[in-house]
Amino acid sequence: MIYLDNAATTKVKDEVVDAMVEMLTKYYGNPSSVYDFAMESKKRMEEARKIIGRGLNVDPEEIYFTSCGSESNNLAILGSITGNQRDEYLFTDMEHSSVKKAYEILGKDKKIQIIHGDEGVLDPSKVIDGVNENTRLVSVMHVNNELGNIQDIETIGRGIKGKNPKTLFHVDGIQGFGKIFLDIERAKVDFYTMSAHKIHGPKGVGALYMRKGLELNPRIVGGGQEKAMSSGTENTAGIVGFGVAAKKALENREENYKKVQYLKDEMIKALMEIPHIHILSHKNSSPYILSVAIKDIKGEVLLHYLEDQKIYISTGSACHKGRKSEITKALGLEDGYGEGVIRISFHGGQDISVVHEFMKVAKPSIEEIRQIMGGIHG
């Protein structure tokens with residue numbers, strides 16, 4: 001099997017599974033209980049918090065565990081609502097659905113401004129210019145989940161704070177954490193969201209960095225876990241697994257970056273030998289994600305051709321489930337390219353063989369699909 005949909009999710013590492021099994025079978029006490037058996041569960045959960053905090057170079061006390069990246073994004077946005085009717089909010093048209101839908105809710109009562117990117121890349125000045133004395137929160141995705149484009153978070157954050165120091169800055173770091181370095185302090189980030197299953201950890205675990213001294217209104221109330229930011233008994237096995245996955249990702253971040261950049265470069269070279277292909281990912285994009293538009297095919301048809309040979313890609317974000325992406329539609333692709341968008345995403349444990357195996361099946365599949373659809377040949 002060749003798995004090239006790592007932006008959707010990643011295979012859980014063996015050491016992560018081992019740590020989780022130990023938590024589920026040996027240290028399964030409720031971390032809120034006060035006896036020694038449960039305190040070991042609490043201790044291991046706090047070790048995971050320290051690992052993630054060190055990875056961002058922040059105080060571990062500023063890390064809050066959640067059920068997923070979507071909850072983290074929702075908490076940062078909807079939790080920032082105040083009773084001030086003059087509050088305004090700003091986000092971009094390239095955000096994940098968990099951000100967009102949260103802003104749809106906000107837009108019923110608050111003034112919302114949407115900043116548009118140019119071919120998937122934000123001009124920082126457009127974001128900064130949109131900030132005024134009433135701007136409560138700005139949300140910008142660090143690494144786009146469909147195109148892989150990396151936004152200039154540091155310039156945006158410093159510009160926001162220079163214009164209005166009271167404006168809060170929320171960054172969706174779900175495709176960036178453990179892969180693309182970001183200096184949280186220099187970038188003046190107030191909220192940064194993460195997800196375990198993007199870095200070979202388990203699904204169902206996320207985290208939110210919240211700058212010390214800030215407060216949010218919790219979206220889930222109950223027993224007051226995670227300092228009342230995400231009530232409910234913690235998924236200790238998942239959190240410990242997240243910590244192990246984060247430790248591995250952070251230790252190998254530079255090495256993995258170089259390895260994956262090589263794979264992406266080689267994949268682009270191979271794909272460009274096929275006529276009428278556009279590389280949609282910007283030159284300043286994550287090496288982990290490659291978005292491509294292929295003329296006169298349907299991306300979903302190619303996906304199934306590849307699937308028959310146990311090669312797995314996607315046609316965009318997994319959250320769209322076959323629906324055409326607003327982000328790729330906004331790129332204004334030429335006629336014949338719009339239906340042929342695919343996303344290939346790598347992980348640091350892969351080698352050049354994945355490129356060769358992919359191309360061995362993809363090239364004749366594209367030619368056959370074009371013949372069936374009556375498009376270009378060769």
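Note that the structure is predicted; figures quoted are calculated from it, not measured.
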Item to complete: Using the side chain to side chain donor-acceptor pair (under 3.5 Å) rule, take Ser33 and Lys42 through it: C-alpha gap first, then chi angles, then the decisive distance, then the call.
Response: CA-CA 9 Å; Ser33 298; Lys42 176 76 169 177; over 6 Å; no

Discussion item. Can you tell whether the side chains of Glu95 and Lys100 come within less than 4.0 Å, N to carboxylate O?
Written reply: no

Worksheet entry | hydrophobic_cluster_shared for Val17 and Tyr3, side chain cutoff 4.5 Å | no

Discussion item. Within the supplied structure, the quantity of interest is the number of heavy atoms (other residues, nucleotides, ligands) at a distance under 6.0 Å from Lys163 NZ; does it exceed 12?
Written reply: yes

Discussion item. For Ser281 and Lys264: C-alpha separation, side-chain torsions, deciding distance, then whether side chain to side chain contact (heavy atoms under 4.5 Å, CB included) applies.
Written reply: CA-CA 11 Å; Ser281 299; Lys264 182 176 179 178; 4.1 Å; yes

Discussion item. I'd like to know if Lys161 and Asp190 make a salt bridge, using a cut-off of under 4.0 Å between side-chain N and carboxylate O.
Written reply: yes

Worksheet item: Is there a side-chain contact between Met194 and Leu56 (heavy atoms, below 4.5 Å)?
Response: yes

Worksheet item: Given the rule in the salt bridge (Lys or Arg N to Asp or Glu O under 4.0 Å) test, do Glu251 and Lys247 qualify, once you have shown the distances and angles that lead to the verdict?
Response: CA-CA 6 Å; Glu251 286 175 347; Lys247 186 173 186 292; 2.7 Å; yes

Worksheet item: Is it the case that one hydrophobic cluster holds both Ile81 and Ile112, taking links as side-chain heavy atoms less than 4.5 Å apart, direct or via other members?
Response: yes

Worksheet entry | Under-4.0 Å salt bridge between Glu266 and Lys269 | yes

Worksheet item: Do His347 and Thr10 have a side chain donor and acceptor closer than 3.5 Å?
Response: no

Response to the item:
On a heavy-atom basis, the closest approach of Val355 and Leu263 is CG2-O, 3.8 Å

Item to complete: Go through Asn145 and Gln175 one step at a time and tell me if the side chain to side chain contact (heavy atoms under 4.5 Å, CB included) criterion holds.
Response: CA-CA 6 Å; Asn145 58 313; Gln175 294 288 352; 3.8 Å; yes

Discussion item. Against the six-membered ring of Tyr89, is Lys110 placed for a cation-pi contact (under 6.0 Å from the centre, within 45° of the normal)?
Written reply: no

Worksheet item: Judged by modelled atom types alone, do Asn84 and Thr82 share a side-chain donor-acceptor pair under 3.5 Å?
Response: no

Worksheet item: For Ser230 and Glu71, does a side-chain donor sit closer than 3.5 Å to a side-chain acceptor?
Response: yes

Item to complete: Show the numbers, then the answer: is there a side chain to side chain donor-acceptor pair (under 3.5 Å) between Tyr305 and Glu368?
Response: CA-CA 10 Å; Tyr305 267 69; Glu368 184 173 334; 3.2 Å; yes

Fill in: Electrostatic pair Glu15-Lys248, nearest N-O below 4.0 angstrom
yes

Worksheet item: Closest approach of Gln151 and Gly120, non-hydrogen atoms and distance?
Response: NE2-O, 3.2 Å

Response to the item:
Taking every heavy atom of Ser285 against every heavy atom of Leu147, the minimum-distance pair comes out as CB-O, 4.3 Å

Item to complete: Show the numbers, then the answer: is there a side chain to side chain donor-acceptor pair (under 3.5 Å) between Glu88 and Asn132?
Response: CA-CA 9 Å; Glu88 298 181 15; Asn132 60 45; 2.9 Å; yes

Worksheet item: Around Asp351, counting heavy atoms of other residues, nucleotides and ligands shown, do more than 12 lie under 6.0 Å from its CG?
Response: yes

Worksheet item: Between Tyr337 and His278, how do the two ring planes meet: parallel, tilted or perpendicular, split at 30° and 60°?
Response: parallel

Practice prompt. Run the salt-bridge test on Asp296 and Arg370 with the 4.0 Å N-O cut-off and return the result as yes or no.
Written response: no

Worksheet item: For Ser314 and Arg343, does a side-chain donor sit closer than 3.5 Å to a side-chain acceptor?
Response: yes

Worksheet entry | Where Gly69 and Ile174 come nearest, the two heavy atoms and their spacing | CA-CD1, 3.5 Å

Practice prompt. Dump the intermediate steps for side chain to side chain donor-acceptor pair (under 3.5 Å) on Asn73 and Asp172, then the final yes or no.
Written response: CA-CA 7 Å; Asn73 280 332; Asp172 177 346; 3.3 Å; yes

Item to complete: Given side chain to side chain contact (heavy atoms under 4.5 Å, CB included), test His200 with Val16 step by step and report yes or no.
Response: CA-CA 8 Å; His200 304 281; Val16 173; 5.7 Å; no

Discussion item. Looking at Glu40 and Arg44, is any side-chain nitrogen of the basic one under 4.0 Å from a carboxylate oxygen of the acidic one?
Written reply: yes

Discussion item. So which atom in Ser139 and which in Val99 form the shortest heavy-atom distance, rounded to 0.1 Å?
Written reply: CB-CG1, 4.3 Å

Discussion item. Please check if the number of heavy atoms outside Asn57 that lie under 6.0 Å from its CG is greater than 12.
Written reply: no

Discussion item. Return the CD1 to CD1 distance between Ile342 and Ile294, rounded to the nearest 0.5 Å.
Written reply: 4.0 Å

Fill in: Heavy-atom side-chain proximity of Leu306 to Phe358 below 4.5 angstrom
yes

Item to complete: Would you confirm whether the ring centroid of Tyr103 sits within less than 6.0 angstrom of the ring centroid of Phe91?
Response: yes

Fill in: Verdict with reasoning, His170 to Thr193, per side chain to side chain contact (heavy atoms under 4.5 Å, CB included)
CA-CA 8 Å; His170 159 229; Thr193 58; 3.8 Å; yes

Worksheet entry | Heavy-atom pair of closest approach, residues Ile114 and Thr92 | CG2-C, 4.0 Å

Worksheet item: How far does CZ of Arg253 sit from CD1 of Ile199, to the nearest 0.5 angstrom?
Response: 10.5 Å

Fill in: Salt bridge present between Glu339 and Lys295 (N-O < 4.0 angstrom)
no

Discussion item. Less than 4.0 angstrom from a charged side-chain N to a carboxylate O is my criterion; do Glu46 and Lys43 meet it?
Written reply: no

